[in-house]
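Structure record follows, encoded as structure tokens.
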Amino acid sequence: MLQTLFLRENKATVIEGLKKRGGLDVSERVADLLMLDEKRRQTQQELDTLLARSNEIAREVGNLFKAGKAAEANELKAESAQIKDHAKTLEEQMEAAENEIRNILFTIPNVPNERIQFGNGPDDNETVETHGSTPTLPASALPHWELARKYDLIDFELGVKVTGAGFPFYKGKGAQLQRALISYFLTRANQAGYTEYQAPLLVNADSGFGTGQLPDKEGQMYFAPEDGLYLIPTAEVPITNIFRDVILKAEQLPVKACGYTPCFRREAGSYGKDVRGLNRLHQFDKVEIVQIAHPDQSYSLLEEMRAHVTGLLKELQLPYRVLRLCGGDMGFASAFTYDMEVFSAAQEKWLEVSSTSNFEAFQANRLKLRFREGDAKPKLAHTLNGSALALPRIVAALLENNQTPDGIIIPEVLVPFTGFSIIQ
RNA sequence: GGUGAGGUGGGUGAGAGGCUGAAACCAACAGUUUGCUAAACUGUCGUACGGGAAACUGUACCGCGGGUUCGAAUCCCGCCCUCACCGCCA
């Protein structure tokens, strides 16, 4: 959520910047909002004056009663009654204006950073880095869902029986490979200075609101109505919300946190396309890295996070590319996003395995996540997060790219975690 | 699930209709003292939204929402949450 004050002072920049999101035009909404804001401030001034008078009367009445001048006190009471009526009207107006302002703010996405290009969608993203060569597989090569069956690693049908589509069982070496990847990712995040958390998998509405899943994208989350709790779609939600309503000291920045969680996504409406095998699931595992940063540092830290993620991909010896998303393909809250994709050789497809973003102050504004320098007024911090990494598509690429007539070769860095070097 | 207690500033915790944005203590920060550290002493020490060039100043906020009253942290009603004990259980 953008700040009203920021909007007031940077109206033109905001409107221009948002056009990069596929030509989005917010000029009308912003104009409405600023008008409401103007009205809100006027109303507040009026109301404050009124309440100040009311407080004054209350004090006088008290003094008069003490002095035994009941008659004079009763006169003042009459004035107070009038003020009260008027104040109530003004309060209602204030509240109405505030609500309208908030409702408009909810519809305005974050302003893309100046380095972000105009674009309408995925086709306009720029590749900023590629690494590794795509392996050429023999004609007999299999897609990962067939390899998973051949080596008895993943059972999709069993998942359907027990839960439903998109909830696979991992089995034997398949399950062990999952555990190894999680452990490897966490170990590397720890080494990079991220404090590990094991977070709740259900969160309350305040948290969903804090990171921006609510009020808009509630259809994406599983919901337990009895308890009013949401299953997390990513560890970003519980981990970032640790810092909701927190004022940090500037010296504490950057705060680096990480965590492994299963992620639950309803993926409503995405059936039928690219959903085979591990490509898109309702439940999947992911290690997430999060940073809370000083605004001056957030972009250098974003590069650090990108290097962390690509470092993992290099170690896993997966061919990858890094995309800088264009305005039209970026998430609602993001100001700058890198997507990391690995090449899945049998499907001959690039699969997104990480999305690493700087939200600048957009999320922090909702979270009321601030920092203080010296004894200055608190300022909003910047938040960043990235997958490091999401498992299923990594597994898909590993299985496909590393298949040999003898079996599936486990990358060397993983062997200490799996305890085996080949799946046969 | 049952019963009871309670939600006040970074923490502990007082306040029980006006003098309370809130005592005291702890923590934190700045300074004095000191060969250094510590101790001691002094001072500062909530947030938001307004007004103001600034100094400063107005309003709101004591879990949340209503109500009573000239006046509510304090009284009344509803809700939420936390804790303790019992029951059940990983």
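What you are looking at is a predicted structure, and each value in this text was computed from that prediction instead of being measured. Every chain is numbered from 1, with letters handed out A, B, ... down the list of sequences.
Taking atom CE of A:Met1 as the reference point, atom C1' of B:A48 lies 13 Å away to the nearest angstrom. If you measure from atom CG of A:Asp245 to atom P of B:U47, you get 14 Å, rounded to the nearest angstrom. Rounded to an integer number of Å, the gap from CD of A:Glu251 to P of B:C29 is 9 Å. Nucleotide B:G18 holds its P atom 16 Å from the NZ atom of A:Lys77, rounded to whole Å. In this structure, A:Glu95 atom CD and B:G66 atom C1' are separated by 12 Å, rounded to whole Å. Note: NZ (A:Lys377) to P (B:U47) measures 9 Å, nearest angstrom. What separates CG of A:Leu248 from P of B:A28 is a distance of 18 Å, to the nearest Å.
For A:Phe156, the ring-ring contact (aromatic ring centres under 6.0 Å, His included) criterion is met by no residue, not counting sequence neighbours. Listed by chain and residue number, A:Ser298 satisfy the side chain to side chain donor-acceptor pair (under 3.5 Å) test with A:Asn358 (two or more places apart in sequence, or in another chain). With sequence neighbours left out, the side chain to side chain donor-acceptor pair (under 3.5 Å) criterion links A:Thr43 to no other residue. With sequence neighbours excluded, no residue forms a ring-ring contact (aromatic ring centres under 6.0 Å, His included) with A:Phe6. With sequence neighbours excluded, no residue forms a ring-ring contact (aromatic ring centres under 6.0 Å, His included) with A:Phe284.
Separating the C1' atom of B:A16 from that of B:A39 is a span of 40 Å, rounded to the nearest Å. Rounded to a whole angstrom, the distance from the P atom of B:G43 to that of B:G6 is 37 Å. Rounded to whole Å, the P atom of B:C64 lies 44 Å from the corresponding atom of B:U37. The separation of B:C25 from B:C45, taken at their C1' atoms, amounts to 15 Å, rounded to a whole angstrom. Nucleotides B:G87 and B:C79, compared at atom C1', are 27 Å apart to the nearest Å. B:A14 and B:G7 have their C1' atoms separated by 15 Å, given to the nearest Å. Between B:G10 and B:A48, the distance separating the two P atoms is 12 Å to the nearest Å. One P atom belongs to B:G15, the other to B:U20, and the distance between them is 16 Å to the nearest Å.
Here the closest non-hydrogen pair linking A:Phe118 and A:Asp124 is O-CB, 4.5 Å.
Note on residues 153-176 of chain A: pairs passing side-chain hydrogen bond (donor to acceptor under 3.5 Å, both in side chains), not counting sequence neighbours, are A:Asp152-A:Lys171. Among residue pairs with one or both ends in residues 411-421 of chain A, none qualify as side-chain hydrogen bond (donor to acceptor under 3.5 Å, both in side chains); sequence neighbours excluded.
Between the side chain of A:Thr310 and the backbone N or O of A:Arg306, at least one donor-acceptor pair lies under 3.5 Å. Between the side chain of A:Asp37 and the main chain of A:Leu33, no donor-acceptor pair closer than 3.5 Å is present. With hydrogens and angles ignored, the 3.5 Å screen pairs no side-chain donor or acceptor of A:Glu46 with any backbone N or O of A:Leu90. For A:Arg29 (side chain) and A:Thr107 (main-chain N/O), a donor-acceptor pair under 3.5 Å exists by modelled atom type.
In RNA chain B, consecutive stretches of 3 or more Watson-Crick or G-U wobble pairs with both distances under 3.5 Å are given as paired ranges: B:1-7 with B:80-86, B:10-12 with B:24-26, B:28-32 with B:40-44, B:46-51 with B:56-61, B:63-67 with B:75-79.
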Collect all protein-nucleotide pairs involving nucleotides 60-65 of chain B in which both atoms are nitrogen or oxygen and the distance is under 3.5 Å.
none

N/O-N/O pairs, protein side and nucleotides 78-83 of chain B side, under 3.5 Å:
none

Strictly under 3.5 Å: I want the nitrogen or oxygen pairs between protein and nucleotides 50-53 of chain B, one per line.
residue, atom, partner, partner atom, Å
B:G50, OP1, A:Arg8, NH2, 2.7
B:G50, OP1, A:Arg40, NH2, 3.0
B:G50, O5', A:Arg40, NH2, 3.1
B:G50, O4', A:Gln44, OE1, 3.4
B:G50, O4', A:Gln44, NE2, 3.4

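Side-chain contact annotation: A:Tyr260 with A:Glu196, donor-acceptor N/O pair under 3.5 Å absent.
At a non-hydrogen distance threshold of 4.0 Å, A:Ser80, A:Lys84, A:Lys88 from residues 80-94 of chain A come into contact with RNA chain B.
With respect to A:Lys88 and A:Glu91, no salt bridge is recorded, no charged nitrogen being found less than 4.0 Å from a carboxylate O. With salt bridges taken as basic N to acidic carboxylate O contacts below 4.0 Å, one links A:Lys286 and A:Glu288.
Comparing B:C70, B:G58, B:G46 against the side chain of A:Arg372 picks out B:G46 as the nearest.
The phosphate of B:U59 (OP1 or OP2) has no side-chain N or O of A:Arg53 nearer than 4.0 angstrom.
Classification of the A:Phe209-A:Phe106 ring pair by plane angle, with boundaries at 30° and 60°, yields perpendicular. Aromatic ring orientation, A:Phe371 versus A:His294: tilted (interplanar angle from 30° to 60°).
Take the nearest nucleotide of RNA chain B for A:Leu47 and for A:Lys249: the residue whose nucleotide is more 5' is A:Lys249.
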